[in-house]
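The basis for the numbers below is simple: all heavy atoms, side chains too, and nothing from hydrogens, waters or symmetry mates. To find a chain, count down the sequence lines: A is the first, B the second, and so on, and within it residues start at 1.
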Protein chains: 2
Amino acid sequence: MTAPERRERERQALRAKILQAARDLFLAHGIEAVTMRKIADAVEYTPPVLYAHFADKSALLTALCEEDLTLFHAALQRAARRADPVERIRRMGKHYVDFALEHPHHYRLLFMTPFPEEQIAAKAAQVEEGTTQGQSSYALLRDAVAECIATGRFEKHHKDAERVAQVLWGAVHGVVSLWILHARNPEIEWRAPRATAFELVDAALDGLCIGAAATSRTSS
Amino acid sequence: MTAPERRERERQALRAKILQAARDLFLAHGIEAVTMRKIADAVEYTPPVLYAHFADKSALLTALCEEDLTLFHAALQRAARRADPVERIRRMGKHYVDFALEHPHHYRLLFMTPFPEEQIAAKAAQVEEGTTQGQSSYALLRDAVAECIATGRFEKHHKDAERVAQVLWGAVHGVVSLWILHARNPEIEWRAPRATAFELVDAALDGLCIGAAATSRTSS
DNA sequence: AAGATATGCTAACGCCGTTAGATGTCCGAA
DNA sequence: TTCGGACATCTAACGGCGTTAGCATATCTT
């Protein structure tokens with residue numbers, strides 16, 4: 001155990017501690033409570049120390065996102081273990097909604113917050129050189145849609161897998177994000193968002209599929 | 001023309017000028033550029049002056065929202081002049097999407113930004129005492145849905161007008177808000193959001209309506 | 001002309017993200 | 001064993017933010 005090794009270990013430990021503190025603040029009081037100064041307070045260091053581990057606040061939040069995105073992707077992947085592509089889509093929708101409603105703060109951070117410019121540039125570079133891992137959650141959905149199209153499960157005029165995937169993503173995202181932002185608006189008699197989202201997914205799949213009447217409705 | 005009258009007029013003129021400056025900043029550089037100090041600069045006053053016209057920044061933004069909400073509501077109302085309730089829903093969806101895509105900044109402010117607590121409390125009070133105008137855009141949609149249900153246009157298991165209205169709102173909101181936030185993510189081959197949204201509305205209506213195959217598809 | 005009222009300003013407070021520069025502390029080599 | 005450099009950490013500050021207090025000044029009313 002050389003000294004540089006130990007130092008590196010301590011470095012990583014502090015980095016993890018910082019991320020955890022940020023996560024705690026975030027979960028307890030929402031994104032607006034996540035402040036470089038408060039994170040520093042929580043780990044009992046002064047603010048500049050954070051900049052030895054993260055280029056800036058946006059990089060710190062990105063690191064947080066990536067951890068949660070991995071979790072999210074894993075949940076979706078478990079849901080995608082179905083042979084029938086239509087049922088696969090339905091189950092992915094269900095798990096998507098459940099993740100969003102169980103972790104609304106994370107969902108807001110992941111999908112309802114504008115990307116920092118830097119991240120976009122980084123990703124564009126990855127895509128350019130083909131390094132993109134291609135195993136994104138979106139790809140799971142798009143592939144299921146493509147399978148539906150290839151095996152003739154959809155009405156013939158729905159033939160663009162990317163577009164239909166975006167249709168379905170939009171469906172679940174719309175219901176949960178409306179709920180997360182506007183649930184407290186008392187002008188509207190909100191229904192339980194889980195049921196609402198399922199109803200939309202079911203209706204959309206009914207509309208997409210050949211032979212109308214739904215195969216297996218989302219029950220729970 | 002008494003002097004107090006003139007002063008009041010000047011007061012309102014300055015108020016309008018402030019709002020316009022805020023709107024200009026907002027349209028030119030997005031919400032994060034709308035700063036009390038920058039607004040003050042634009043109208044050639046010092047920042048404290050703004051507080052003689054608006055309680056705080058959130059009240060100023062709310063005033064801006066309300067103007068745009070009126071515009072939005074008017075656009076939707078024009079679209080709702082259709083006898084057939086299903087076609088009415090389809091047209092409202094179309095105009096909703098067009099508004100969102102033509103004014104993405106406004107859409108972000110109106111529907112993709114968390115409400116300040118104060119506003120929620122104010123609305124709750126209105127609802128409590130029954131002062132709510134009931135002519136909200138959401139009500140337009142819900143009433144069209146209720147008409148569909150009452151006249152037996154929907155499958156019998158879709159019987160909750162509130163829920164179905166929330167399903168349809170979620171559909172259009174999902175597609176346009178995903179696009180507005182994530183269009184620049186190069187990992188995804190984005191399709192034109194207008195067509196995507198129309199496809200979702202059509203599919204959902206196909207799924208909701210009795211007698212499957214769409215009546216009149218959204219063409220343009 | 002004098003007093004009241006409204007208008008606008010300067011200056012400041014306490015937050016924020018971030019950076020520069022000083023200080024100390026430990027490690028490896030002479 | 002002591003010296004020099006690398007590293008960790010701190011204090012202090014900059015410029016921005018929303019917001020408020022207190023003062024000057026201009027304008028109306030009597």
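For the pair Y45(A) OH and dT11(D) P, the interatomic distance rounds to 13 Å; values are reported in whole Å. If you take CD of E10(A) and P of dA8(D), they are 9 Å apart, rounded to a whole angstrom. The interatomic distance linking D41(A) (CG) with dC15(C) (P) rounds to 11 Å, in whole Å. Atom pair L14(A):CG and dA8(D):P shows a separation of 10 Å (rounding to whole Å applied). Regarding E32(B), its CD atom lies at a distance of 16 Å from the C1' atom of dC16(C), rounded to whole Å. Between the C1' atom of dA8(D) and the CG atom of L50(A) lies a distance of 14 Å, rounded to the nearest Å.
One side chain, Y138(B) or E162(B), offers a donor N or O that lies under 3.5 Å from an acceptor on the other. One side chain, H173(A) or S177(B), offers a donor N or O that lies under 3.5 Å from an acceptor on the other.
A ring-centre distance under 6.0 Å is not found for F99(A) and H95(A). Between W169(B) and W179(A), the distance from one ring center to the other does not fall under 6.0 angstrom.
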Pairwise N/O distances under 3.5 Å, protein to nucleotides 18-21 of chain D:
from	atom 1	to	atom 2	distance (Å)
dG18(D)	OP1	M36(B)	N	3.2
dG18(D)	OP1	K57(B)	NZ	3.0
dG18(D)	OP2	M36(B)	N	3.0
dG18(D)	N7	R37(B)	NH1	2.3
dG18(D)	O6	R37(B)	NH2	3.2
dT19(D)	OP2	Y51(B)	OH	2.8
dT19(D)	OP2	K57(B)	N	2.9
dT19(D)	O5'	Y51(B)	OH	3.2

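Using a 30° and 60° split on the angle between ring planes, H105(B) and F26(B) fall in the tilted class, from 30° to 60°. Ring geometry for Y107(A) versus Y96(A): interplanar angle over 60°, hence perpendicular rather than tilted (30 to 60°).
At dG8(C), none of the side-chain N or O atoms of T46(B) fall inside 4.0 Å of OP1 or OP2 (strictly under the cut-off).
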